[in-house]
Amino acid sequence: MSAQLLAGKKGIIFGALNSESIAWKVAEAAHAHGAKFTLTNAPIAMRMGELNGLAEKTGSKVIPADATSMEDLEKLFRESQEILGGKLDFVLHSIGMSVNVRKGKHYTDLNYDWLQKGWDVSAVSFHKVLQTAWKLDSMNEWGSILALTYMAAQRTFPDYNDMADNKAYLESIARSFGYHFGVEKKVRVNTISQSPTMTTAGSGVKGFDGFIKYAEDMSPLGNATAEDCANYCITLFSDLTKRVTMQNLFHDGGFSNMGVSNLVMQQFMKEK
Ligand SMILES: NC(=O)c1ccc[n+]([C@@H]2O[C@H](COP(=O)([O-])OP(=O)(O)OC[C@H]3O[C@@H](n4cnc5c(N)ncnc54)[C@H](O)[C@@H]3O)[C@@H](O)[C@H]2O)c1
């Protein structure tokens, strides 16, 4: 590693479930860049036990927390600050789940109890994380808080279902809370809009295999991988991006500005 962009920085990383998870790659990259952090996930996800391996590898402690529980979050932030020895410089929110997607409920026939659960886990939890950090005054000046999102917040991808609405809400929270965090605490709040990526959450979306190939062929630079995303997160946690805030940052190999690519067009052209 040539530069240690996060040397001396402390943080919390939410959402590493297994080695495919984007948060897992972020933890590995943050460790390589000299950061110290705690790892957290929902108590139910802990049962799979994989997180302990990552904790060992990165010299981190694991603190279970359901990101929808203010009590769990307060405990997580307090303990993290104790373990790491002071205020935090970065937080990654890498959490998403829709019960309607999981159970194959169509968007025109949503179950609203499930919708509320998914909205709470995928979107409101980001407000809860921000509010906890705000009230406990957990962040150092020029700290950086990031959440991961997807372009279905702006454009229609039918099978993304109610997650599209959750992501629109999540991105709005980054702007709204980003204002307050900027003015009063000099802390950045952004979302990264990542390419489709083969993870547990990603592959839960219907037709994901075909879609990932389509996105690959549409993107001039190809799909951004989970490792690419981790590297982008490191730059946004570092001091090199101090005045980037309240942004939704597309990290997608160019997909979001494409109309159509030659590779995709070839599949619709008649042979002459
Ligand atoms: N995979 C993709 O194609 C893709 C694309 C763009 C954005 N994203 C976003 O990236 C983020 C990470 O997803 P991933 O693809 O790495 O999948 P993943 O399944 O590895 O991660 C999702 C995480 O959310 C956690 N989680 C669920 N409920 C929780 C709760 N109540 N409290 C705390 N944690 C909870 C899960 O345990 C899991 O670790 C999500 O926000 C996802 O929407 C993913």
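Along the sequence shown, residues carry numbers from 1. As the structure lists them, so they are numbered: ligands from 1, and atoms in each ligand from 1.
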Please state which option from K167, M163, H93 has its nearest heavy atom closest to atom 42 (C) of ligand 1. K167

Flag yes if more than 12 heavy atoms outside N262 fall under 6.0 Å of its CG atom; otherwise flag no. no

May I ask you to list the atoms of ligand 1 that are less than 4.0 angstrom from any heavy atom of G15? 21 (O), 23 (C), 38 (C), 39 (O)

In terms of its nearest heavy atom to atom 30 (C) of ligand 1, the top option of A147, S69, G202, A42 is A42

Residue selection (non-hydrogen contact nearest atom 37 (O) of ligand 1) among N41, L76, L17, T40: N41

From the options A201, S19, A16, select the one whose nearest heavy atom is closest to atom 18 (P) of ligand 1. A201

Candidate pair T149 and N248, rule side chain to side chain donor-acceptor pair (under 3.5 Å), full reasoning: CA-CA 8 Å; T149 186; N248 181 43; 5.0 Å; no

When T191, V26, I22 are each screened for side-chain contact (heavy atoms from CB on, under 4.5 Å) with L148, the one that passes is I22

Out of all atoms in ligand 1, which are within 4.0 Å of some heavy atom of L148? Include the element for each. 9 (C), 10 (O), 11 (C), 41 (O)

Applying a strict 4.0 Å limit to heavy atoms, is S125 in contact with ligand 1? no

Residues forming a salt bridge (Lys or Arg N to Asp or Glu O under 4.0 Å) with D228, sequence neighbours excluded: none

Heavy-atom contact under 4.0 Å between S195 and ligand 1? yes

Provide the number and element of each atom of ligand 1 under 4.0 Å from a heavy atom of D66. 30 (C), 31 (N), 32 (N)

Could you list the atoms of ligand 1 found under 4.0 angstrom from a heavy atom of G96? 24 (O), 40 (C), 41 (O)

Keeping N140 on the side-chain end and D89 on the backbone end, is there a donor-acceptor pair under 3.5 Å? no

Test of understanding: with ring pair (Phe, Tyr, Trp, His ring centres under 6.0 Å), list the residues that count as partners of F211, not counting sequence neighbours. F157

What do you reckon, does W24 put a non-hydrogen atom under 4.0 Å from ligand 1? no

If the cut-off is 4.0 Å to any non-hydrogen atom of A65, which atoms of ligand 1 fall inside it? 32 (N), 33 (C)

contact_flag M151 ligand 1 heavy-atom lt 4.0 Å: no

